[in-house]
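Reading through the structure tokens given below for one structure.
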Amino acid sequence: LGMAAPAALQRSVVSPAGRHTASLIFLHGSGDTGQGARTWIKQILNQDMAFQHIKVIYPTAPARPYTPMKGAFSNVWFDRYKICNDCPEHIESIDSMCRGLTDLINDEVKNGIAKSRILIGGFSMGGGMAMHLAFRFHQDLAGVFALSSFLNKDSAVYQALKRNESALPELFQCHGTADELVLYSWGEETNKMLKSLGVSTSLHTFPNLNHELNRTEIEKLKSWIVKKLPVEAPKAN
């Protein structure tokens with residue numbers, strides 16, 4: 001019979017106010033949903049994160065057994081053996097989700113959006129997932145963002161970039177120094193490693209911010225998004 005095609009990911013979508021010429025995929029943190037991430041950002045900004053020309057897509061990770069929760073089902077992009085930066089990655093679950101998210105990217109391409117006009121990123125585990133997806137499988141995306149995220153020390157991302165020759169998407173990273181779940185040093189180390197492997201990176205540090213998002217950070221992210229995905233001038237006939 002072969003592998004069944006993975007079911008399409010559920011998604012919450014904020015449509016652009018004007019003509020759709022670019023897309024942004026935002027991946028939630030572990031145990032959340034696309035709708036949950038959208039609502040959280042809406043509460044922080046007092047409105048949706050919305051744009052004139054960019055469609056914002058918040059997909060939901062399918063529920064699966066999650067080892068750090070003793071195998072209880074959770075909406076996670078991949079499994080982890082534990083939450084630390086020096087243990088091996090659960091590569092099977094990461095790669096399987098990369099296929100599901102590739103379908104999501106391809107849906108946008110079918111809608112006429114070039115990959116160079118698609119950004120992907122997320123919060124916590126969502127940012128880790130985005131880095132795997134972009135740096136290993138979709139190096140022609142417009143950029144990647146990772147908020148309170150990290151990669152494990154011997155990540156498959158680093159292995160892939162060691163062999164890489166092509167241009168890479170830019171990385172926009174934010175991290176709170178008071179984060180007790182994903183330590184600031186893990187995010188900083190991820191940033192340094194990626195930079196040493198040829199990725200153009202920025203790391204925005206937020207003193208006293210724990211494992212959460214805040215308004216300044218989202219405003220900074222929005223400015224970066226518009227810089228990477230500017231409004232396209234209408235083509236002259």
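From a predicted model like this one, the values you see are computed outputs, not experimental measurements. Count residues from 1 along the sequence.
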**Request:** Starting at OG of Ser74, measure out to CE of Met125 and round the result to the nearest 0.5 Å.
**Result:** 8.0 Å

**Request:** Please examine the side chains of Pro59 and Trp77, heavy atoms only from C-beta on, and report whether any two atoms are closer than 4.5 Å.
**Result:** yes

**Asked** In Å and rounded to the nearest 0.5 Å, what is the NE2 to OG distance from His132 to Ser155?
**Response** 4.0 Å

**Prompt:** Can you tell me if Glu89 uses its side chain to pair, donor with acceptor, with the backbone of Ala156 under 3.5 Å?
**Reply:** yes

**Non-hydrogen atoms of Gly29 and Ser124 that approach each other most closely** = CA-CB, 4.4 Å

**Request:** Begin with the C-alpha distance, continue with both residues' side-chain angles, and end with the deciding distance and a verdict on side chain to side chain donor-acceptor pair (under 3.5 Å) for Thr67 and Asp79.
**Result:** CA-CA 7 Å; Thr67 303; Asp79 198 7; 2.8 Å; yes

**Request:** Find the distance between CZ (Phe150) and CD (Glu189) and round it off to the nearest 0.5 Å.
**Result:** 10.5 Å

**Message:** Please enumerate all residues that pass salt bridge (Lys or Arg N to Asp or Glu O under 4.0 Å) together with Lys55, with sequence neighbours excluded.
**Reply:** Glu108

**Asked** How does the hydrophobic cluster around Trp224 look, that is, which other residues are in it when side-chain heavy atoms under 4.5 Å mark a link?
**Response** Val14, Leu24, Phe26, Trp40, Ile41, Ile44, Leu45, Met49, Phe51, Ile54, Val56, Tyr58, Leu119, Phe123, Phe145, Leu147, Phe172, Leu213, Ile218, Leu221, Ile225, Val226, Leu229

**Message:** Counting C-beta onward and ignoring hydrogens, is there a side-chain heavy-atom pair between Arg11 and Asp107 closer than 4.5 Å?
**Reply:** yes

**Request:** Check whether any side-chain N or O of Ser96 sits under 3.5 Å from a backbone N or O of Glu92 as a donor-acceptor pair, and report yes or no.
**Result:** no

**Side-chain donor/acceptor of Asn152 to backbone N/O of Cys87, under 3.5 Å** = yes

**Item:** Glu219 CD: over 12 foreign heavy atoms closer than 6.0 Å
**Value:** yes

**Message:** Could you walk me through whether Thr190 and Ser149 satisfy the side-chain contact (heavy atoms from CB on, under 4.5 Å) test, starting with their C-alpha distance in whole Å, then the side-chain angles of each, then the deciding distance to 0.1 Å, before giving a yes or no?
**Reply:** CA-CA 9 Å; Thr190 299; Ser149 307; over 6 Å; no

**Request:** Would you confirm whether Asn210, through its side chain, and Glu180, through its main-chain N or O, come within 3.5 Å as a donor-acceptor pair?
**Result:** yes

**Message:** Taking Leu141 as the starting point, is it possible to reach Met131 by hopping between hydrophobic residues whose side chains are less than 4.5 Å apart?
**Reply:** no

**Request:** For residues Ser148 and His211, report the shortest heavy-atom separation together with the two atoms involved.
**Result:** O-CE1, 3.5 Å

**Asked** Under 4.5 Å between side-chain heavy atoms, hopping through other hydrophobics if needed: is there a path connecting Ile25 to Val109?
**Response** yes

**Asked** Are Leu209 and Tyr184 linked, directly or through other ILVMFWY residues, by side chains that come within less than 4.5 angstrom of each other?
**Response** no

**Request:** Answer whether the closest heavy-atom distance between the side chains of Val182 and His175 falls below 4.5 Å.
**Result:** yes

**Message:** A side-chain contact here means heavy atoms from C-beta on lying under 4.5 Å apart; do Ile94 and Arg136 qualify?
**Reply:** yes

**Asked** Any idea which heavy atoms bring Ser12 and Gly34 closest together, and the distance?
**Response** CB-C, 4.3 Å

**Message:** Is there a path of hydrophobic side-chain contacts, each under 4.5 Å between heavy atoms, that joins Leu133 and Leu9?
**Reply:** yes

**Item:** Derivation and outcome, side-chain contact (heavy atoms from CB on, under 4.5 Å), residues His90 and Phe78
**Value:** CA-CA 7 Å; His90 194 289; Phe78 49 87; 5.5 Å; no

**Rounded distance (nearest 0.5 Å) linking atom CD of Gln159 with atom CG of Asn164** = 13.0 Å

**Request:** Examine distances only and state if a side-chain atom of Ser116 and a backbone atom of Ala142 form a donor-acceptor pair shorter than 3.5 Å.
**Result:** no

**Asked** Atom CG of Asn106 and atom CG of Asn111: how far apart are they, to the nearest 0.5 Å?
**Response** 11.0 Å

**Message:** Applying side-chain contact (heavy atoms from CB on, under 4.5 Å) to Gln35 and Arg38, what does each step give before you reach the verdict?
**Reply:** CA-CA 5 Å; Gln35 185 61 52; Arg38 175 184 175 175; 4.2 Å; yes

**Test applied, side-chain contact (heavy atoms from CB on, under 4.5 Å); reference residue, Arg117; option that passes from Lys228, His20, His53** = His53

**Prompt:** Rounded to the nearest 0.5 Å, how far does CD1 of Ile120 lie from NZ of Lys115?
**Reply:** 10.5 Å

**Step-by-step side-chain contact (heavy atoms from CB on, under 4.5 Å) determination, Leu171 to Phe135** = CA-CA 10 Å; Leu171 174 68; Phe135 294 128; 4.1 Å; yes

**Complete:** Only residue of Asn75, Val76, Leu181 satisfying side-chain contact (heavy atoms from CB on, under 4.5 Å) with Ser30 is Val76

**Item:** Intermediate values then yes/no, side chain to side chain donor-acceptor pair (under 3.5 Å), Thr33 and His28
**Value:** CA-CA 6 Å; Thr33 61; His28 63 74; over 6 Å; no

**Complete:** In short, Phe137 meets Cys98 closest at the heavy-atom pair CE1-SG, 3.5 Å

**Request:** Spell out, yes or no, whether Ile113 and Leu27 are grouped together once hydrophobic residues are joined by side-chain heavy atoms under 4.5 Å, including indirect joins.
**Result:** yes

**Asked** If we only count heavy atoms from C-beta on, is the His138 to Ile118 side-chain gap below 4.5 Å?
**Response** no

**Asked** So, Asn191 and Thr201: side-chain donor and acceptor under 3.5 Å apart, yes or no?
**Response** yes

